[in-house]
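The block underneath contains the structure these notes are about, expressed in structure tokens.
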There are 2 protein chains.
Amino acid sequence: MKMNEGVEWALHSCLNLAWIGADRAVTAARLAAYHALPTAYLNKQLQALARAGLVTSTPGPKGGFRLAKPLERITLMDVVTAIEGPDEAFRCAEIRKQGPGAQPEAAYRLPCAIAESMAAAELAWRKELAGTTLAQVRERAERRAPNAPGAIRRWFENS
Amino acid sequence: MKMNEGVEWALHSCLNLAWIGADRAVTAARLAAYHALPTAYLNKQLQALARAGLVTSTPGPKGGFRLAKPLERITLMDVVTAIEGPDEAFRCAEIRKQGPGAQPEAAYRLPCAIAESMAAAELAWRKELAGTTLAQVRERAERRAPNAPGAIRRWFENS
DNA sequence: GGGTGAATACTCGGATAAAGCCTGTCCGAGTAGTGACGG
DNA sequence: CCGTCACTACTCGGACAGGCTTTATCCGAGTATTCACCC
């Protein structure tokens, strides 16, 4: 079970976009260059964020991406769902219904106990993700590296 | 992000082994047949459980698998780790260290704020998994289908 | 009849292919800016 | 000099290959049983 690498890229890009400011659009190429990432592939991830309504995209010269909402209104869950899709990690294939021990359909009215237990654990994970906003992450990051926002802003302006 | 299908198979097989009883070894072929699963592949998963010390395996005629501990001492986390491996789903690639904004190594003493937030969420998931024993899952399953244990035991004996 | 030995059938275990998803790349549709041209 | 128009350059957007993990399979090492044979 491995999460898409694009999630990390999207999170970093969102923070960078926030530090740059929503008044200015930034191209995928610039965002990729800052972390030495493959441009076209990061573009793909940003498209996913755009479909999810987290960023807005404008084509043409002076185009690029910018945040659609303040970081206070974007959660980790939003980003993960945008990149990974809505499906749960543990998907019950209902193997209890297969094989010689199969029962009539009525016996499976109640959900599988195994699936339910796994879903409960995953719900705890999702709750934590949904309860953490990118604003909190940004705050934590700025406490770790107070001069990072200025440096990032400067680099993206001088280009 | 998709969890290995083998996790589901392993969990069902563990419960089946518990209902059958540890006094009798069950072959991978029988466990697979009961849920119409590919025999050799389920065998692979059971091998992983054996390496993790959750089941014991004995070769030869009258051989097979049996639980190594009571279900009270096996958690969902144990099974997931046995099948999926110990790696976390979100793996920080430290992309902050790459590109033109790279800083001297000393600036990265503290962990990445993004990685830390994602790890916190994943920890909540793991805690829930580690806090749920298979005994609890069995209990829940028996409440849902009280006659299942007897039926399973009977099917595995008549063979 | 009892014991011994070899042959046999059956199991796990790890090494070996096929499939699907993730990663990475490319080119086209559309837009803002720019320059030339005409009035 | 000003407005209009075509052109250019640049961006996102989705369609197109490559690599790696997951899924599935097969055959060999090892063991308990079974049967025949000998004492």
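Contact check on B/Glu5 versus A/Arg91 returns no salt bridge, with no Lys/Arg side-chain nitrogen under 4.0 Å from an Asp/Glu carboxylate oxygen. By the 4.0 Å N-to-carboxylate-O rule, A/Lys2 lies too far from B/Glu88 to be salt-bridged with it. Salt-bridge formation is not detected for the pair B/Glu142/B/Arg144: no Lys NZ or Arg NE/NH1/NH2 atom is positioned less than 4.0 Å from an Asp or Glu carboxylate oxygen.
Interatomic distance, A/Glu116 CD to A/Leu123 CG, rounded to the nearest 0.5 Å: 11.5 Å. Distance OG1/B/Thr75 to CD/B/Gln136: 10.0 Å, rounded to 0.5 Å.
Note: CD (B/Glu84) to C1' (D/dT23) measures 13 Å, nearest angstrom. Distance A/Ile95 CD1 to D/dT23 P: 13 Å, rounded to the nearest Å. One interatomic measurement links the two molecules: CG of B/Asn4 to C1' of D/dC20, which rounds to 14 Å at whole-angstrom precision. What separates CG of B/Asn43 from C1' of D/dT23 is a distance of 14 Å, to the nearest Å. Rounded to whole Å, atom P of D/dT23 lies 8 Å from atom CD of B/Gln45. If you measure from atom OH of A/Tyr41 to atom P of D/dA17, you get 18 Å, rounded to the nearest angstrom. At whole-Å resolution of the value, CZ in A/Arg91 and C1' in D/dT22 are 13 Å apart. Residue A/Phe65 contributes atom CZ, which lies 18 Å from atom P of D/dC10 at whole-angstrom precision.
Residue B/Lys44 has no polar side-chain atom (N or O) positioned under 4.0 Å from OP1 or OP2 of D/dC26. Contact between the side-chain N/O atoms of A/Arg51 and the OP1/OP2 oxygens of D/dG14 is found at a separation under 4.0 Å.
For the pair A/Val26 and A/Lys2, both in contact range of DNA chain D, the more 5′-proximal nearest nucleotide belongs to A/Val26. When each of A/Gly60 and A/Leu42 is assigned the nucleotide of DNA chain C bearing its nearest heavy atom, the one mapping closer to the 5' terminus is A/Leu42. Both A/Ala50 and A/Met1 lie close to DNA chain D; mapped to their nearest nucleotides by heavy-atom distance, the more 5′-ward contact belongs to A/Ala50.
When DNA chain C is scanned 5' to 3' for any atom under 4.0 Å from a heavy atom of chain A, the first and last hits are C/dC22 to C/dA32.
Contacts of B/Thr39 with the nucleic acid, taken as non-hydrogen atoms under 4.0 Å apart, are absent. As judged by a 4.0 angstrom heavy-atom cut-off over every strand, B/Ala28 is placed among residues touching the sugar-phosphate backbone only.
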Test A/Glu128 against B/Lys127 for salt bridge (Lys or Arg N to Asp or Glu O under 4.0 Å), laying out the working first. CA-CA 12 Å; A/Glu128 191 77 17; B/Lys127 267 194 169 170; over 6 Å; no
Return all side-chain donor-acceptor pairs below 3.5 angstrom for residues 45-56 of chain B, not counting sequence neighbours, or 'none' if the list is empty.
residue : atom : partner : partner atom : Å
B/Gln45 : NE2  : B/Tyr41 : OH           : 3.4
B/Thr56 : OG1  : B/Arg66 : O            : 3.4

